[in-house]
Amino acid sequence: MDKKFDIHPSIIEAFEKVGETELVEKLTATNEDDEELEDQFSFGNEEPTLLKAIEAIIQETRNSNLDNSIFYYLEKPFEYLGKRLELEEPAVLMLALLVGHYADLHIDMTDFIEHLRCTSLQLLPYLKHIDTLEERGYVICNRSGRRPTYRVPYEVLEAINRNEPLEEAKLTDLSSEDLMNEVNTIFDQYDEHELSTEALMRRLNTLLSSNPHLHLVKQLKTYNLDEVSQMLLMYFADQLINENEYYISNRQMFLLINNRQQWSCIRQQLAGNKHPLQEKGLIEFSHDGGFGNREAYSLTMQAKRTLFNEFNIKNNDEEVLRKGLTHHEDITCRQLFYDEKVENQVEELASLLNEEHYQQIRQRLQDKGFRCGFTCLFYGSPGTGKTETVLQLARQTGRDIMQVNVSEIKSKWVGDSEKNIKALFDDYRQKVKDCKRTPILLFNEADAIINRRQEMAERGVDKMENSIQNIILQEMETLDGILIATTNLEQNMDKAFERRFLYKIKFNKPSVEARQHIWQSMIPSLSVDAASQLAARYDFSGGQIENIARHHAIDSILHGTEADNLQSLITHCDQERLDKKARRIGF
């Protein structure tokens with residue numbers, strides 16, 4: 001390529017004085033092509049292309065020491081590329097150098113310095129133009145190391161080879177699924193350290209603002225979230241919809257924010273349930289196994305229904321919502337036998353818990369200003385069917401059961417037990433809100449937590465017990481759901497609990513007639529006469545009869561004993577009863 005220089009007027013004047021008119025004409029001659037840049041330039045007889053222009057810049061800048069004159073010597077290639085790609089000259093130079101090293105997936109400053117034979121200080125002002133290339137998609141930056149490295153995407157090389165500018169990915173008029181696929185790509189690039197947090201938020205904003213027609217985008221605007229909160233919300237959505245991950249940990253969010261001071265502020269807000277996403281009902285503490293986890297969070301059902309109802313996450317939601325619950329459809333149907341009074345009470349409760357009646361009664365109680373929660377106490381001797389009645393009520397009314405494990409609630413660490421019981425009721429409230437039908441909260445064998453409170457408690461354990469009971473009493477006052485507690489020691493129950501149970505059903509040991517029916521239901525091959533003899537001879541509860549029936553079934557399997565062998569059953573009955581004769585102490 002010919003190189004053109006500006007000639008100082010004094011030099012031209014000197015040549016004129018000595019009669020060098022021909023030289024003066026050559027020096028002052030103008031070329032019409034210099035007045036206005038044409039769309040084409042040539043290397044010899046070849047037509048210009050993006051690739052050839054880049055190649056020219058690469059060749060001519062080698063060992064150039066990054067002298068500013070290169071922009072003058074290579075004026076046409078720079079202008080050609082600048083016009084075709086809509087880039088400034090420094091950005092064109094950086095693009096050419098990057099393309100020259102396209103085979104390297106980790107291009108860094110040293111590659112530029114080696115090519116140009118310049119110092120790092122000379123190169124430093126040009127590096128900011130790589131940000132422009134990154135925004136336009138011509139280069140991808142990796143920030144995972146001590147210094148950034150770069151790579152040229154394959155689609156950029158293909159476009160240059162076709163002699164076409166890189167076409168920006170179509171971001172408008174996307175479907176909901178396509179939008180979330182783009183969101184997933186953006187977060188994947190961030191995970192690969194190829195986007196900064198600022199670039200990540202910028203890409204998300206561009207993506208969302210380019211698709212105002214989508215339900216998600218319309219609803220998102222109504223929340224008026226700041227950029228960081230919007231980014232976090234879209235991360236929750238990406239993990240749920242694209243990765244099938246329901247819970248996001250503090251650690252994951254910290255890596256996303258990547259700013260310790262900013263994260264410290266956000267974490268304090270989250271811990272205090274004061275973050276904008278929490279206050280607007282979009283995320284909540286995760287609940288797993290009945291306990292709240294304040295180190296992890298999940299989208300609320302409100303967020304899923306209002307923002308992401310276009311996505312097929314319903315089945316997964318149901319599975320997660322019902323985690324930790326006894327599913328009503330998994331409960332085996334069993335026939336129970338009560339005396340007439342208890343049977344009437346159980347039937348009435350079953351009718352009340354029927355979904356249609358339940359909602360009607362609940363609404364009327366609310367309208368009249370009464371508490372709308374249903375609290376029930378099943379008490380009586382062991383083995384009388386209290387727990388099994390709860391299971392059968394759940395099966396009949398289509399309600400899952402959230403069963404409380406008292407031993408898991410009580411912790412040896414001071415304060416943890418109180419936190420556990422609060423978290424348990426928080427979880428139940430959320431399940432009441434999200435499940436199709438209100439589940440039953442079952443405190444089975446609740447003697448340890450509804451007994452009399454200790455007056456003037458001084459020991460730490462007694463204070464903890466009182467604190468747990470006070471929390472449960474308070475929660476029962478505000479309960480909007482169904483709580484059933486079972487106990488064998490109702491005589492030890494605190495009066496405050498007794499007042500708070502709306503329904504109280506006492507389960508008595510079965511009558512002789514009921515025992516006969518139980519024997520026959522447990523061992524169908526047993527004759528009526530044998531069942532009558534056993535019922536009259538042994539004052540057993542249903543649980544005790546079930547134990548004997550299981551022993552007899554095992555005998556039948558192991559020894560081939562006849563199913564209706566009365567003597568074998570009598571032997572098992574005698575073994576079931578413990579010898580409670582008083583023993584003398586001493587000699």
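Predicted, not measured: the structure shown is a model, and the values here were computed from it.
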Salt bridge check, [Y] against [X]: does any charged N sit closer than 4.0 Å to a carboxylate O?
{"X": "Arg437", "Y": "Asp400", "value": "no"}
{"X": "Arg399", "Y": "Glu355", "value": "yes"}
{"X": "Asp427", "Y": "Lys431", "value": "yes"}
{"X": "Glu194", "Y": "Arg151", "value": "yes"}

Is it the case that the side chain of [X] and the backbone of [Y] share a donor-acceptor pair, with hydrogens and angles ignored and the cut-off at 3.5 Å?
{"X": "Gln278", "Y": "Leu270", "value": "yes"}
{"X": "Asn205", "Y": "Met201", "value": "yes"}
{"X": "Thr384", "Y": "Ser381", "value": "yes"}
{"X": "Asn211", "Y": "Leu207", "value": "yes"}
{"X": "His357", "Y": "Ser351", "value": "yes"}
{"X": "Ser210", "Y": "Thr172", "value": "no"}
{"X": "Asn142", "Y": "Glu192", "value": "yes"}
{"X": "His213", "Y": "Leu174", "value": "yes"}
{"X": "His275", "Y": "Leu277", "value": "yes"}
{"X": "Asp480", "Y": "Cys372", "value": "no"}

task = Apply side chain to side chain contact (heavy atoms under 4.5 Å, CB included) to the pair Ile401 and Ile484, showing each step before the final yes or no.
result = CA-CA 10 Å; Ile401 298 176; Ile484 300 179; over 6 Å; no
Review point. Between Phe187 and Tyr235, is the ring centre distance below 6.0 Å?
Key: yes
Discussion item. Please report whether the ring centroid of Tyr297 lies less than 6.0 Å from that of Tyr247.
Written reply: no
Sequence neighbours excluded, the answer for salt bridge (Lys or Arg N to Asp or Glu O under 4.0 Å) partners of Arg267 is Glu295
With no hydrogens and no angle check, do the side chains of Gln430 and Asp426 hold a donor and an acceptor under 3.5 Å apart? no
message = Please tell me whether Asn444 and Thr486 have a donor and an acceptor in their side chains that are separated by less than 3.5 angstrom.
response = yes
request  = Kindly indicate, with the supporting measurements, whether the criterion side chain to side chain contact (heavy atoms under 4.5 Å, CB included) is fulfilled by Phe254 and Ile266.
outcome  = CA-CA 9 Å; Phe254 167 67; Ile266 291 174; over 6 Å; no
When Lys422, Arg429, Arg500 are each screened for side-chain hydrogen bond (donor to acceptor under 3.5 Å, both in side chains) with Glu475, the one that passes is Arg429
(request) Go through the steps for Asp330 and Thr326 under the test side chain to side chain contact (heavy atoms under 4.5 Å, CB included), then give the verdict. (result) CA-CA 7 Å; Asp330 294 337; Thr326 300; 5.8 Å; no
For residues [X] and [Y], determine if any side-chain heavy atom of one lies less than 4.5 Å from a side-chain heavy atom of the other.
{"X": "Arg395", "Y": "Cys333", "result": "yes"}
{"X": "Tyr358", "Y": "Ile482", "result": "yes"}
{"X": "Leu240", "Y": "Lys304", "result": "yes"}
{"X": "Leu307", "Y": "Phe236", "result": "no"}
{"X": "Glu182", "Y": "Leu171", "result": "yes"}
{"X": "Leu220", "Y": "Met234", "result": "yes"}
{"X": "Thr389", "Y": "Ile505", "result": "no"}
{"X": "Ile140", "Y": "Leu195", "result": "no"}

Taking all heavy atoms of [X] and all of [Y], pick out the closest pair and write down the distance.
{"X": "Ile440", "Y": "Tyr428", "value": "C-CE1, 4.3 Å"}
{"X": "Pro148", "Y": "Cys141", "value": "CB-SG, 3.6 Å"}
{"X": "Thr332", "Y": "Glu388", "value": "O-OE2, 4.5 Å"}
{"X": "Val342", "Y": "Lys506", "value": "CG2-O, 3.1 Å"}
{"X": "Lys221", "Y": "Pro212", "value": "NZ-CB, 4.3 Å"}

- prompt: Between Phe112 and Tyr150, what is the ring plane arrangement, given parallel below 30°, perpendicular above 60°, and tilted in between?
  reply: parallel
- Message: Parallel, tilted or perpendicular, judged at 30° and 60°: which one describes the rings of Phe507 and Tyr338?
- Response: perpendicular
The side chain to side chain donor-acceptor pair (under 3.5 Å) partners of Tyr190 (sequence neighbours excluded) come to Thr197
Between Asn184 and the options Ile186, Asn181, Asp188, the side-chain contact (heavy atoms from CB on, under 4.5 Å) test singles out Asp188
Only one of Thr397, Val346, Leu336, Thr387 passes side-chain contact (heavy atoms from CB on, under 4.5 Å) with Gln392, and that residue is Leu336
NE2 (His215) and OG1 (Thr306) are apart, to the nearest 0.5 Å, by 6.5 Å
I would like to know whether Leu479 and Glu477 meet side chain to side chain contact (heavy atoms under 4.5 Å, CB included); could you show each step before the answer?
CA-CA 6 Å; Leu479 180 75; Glu477 284 286 336; over 6 Å; no
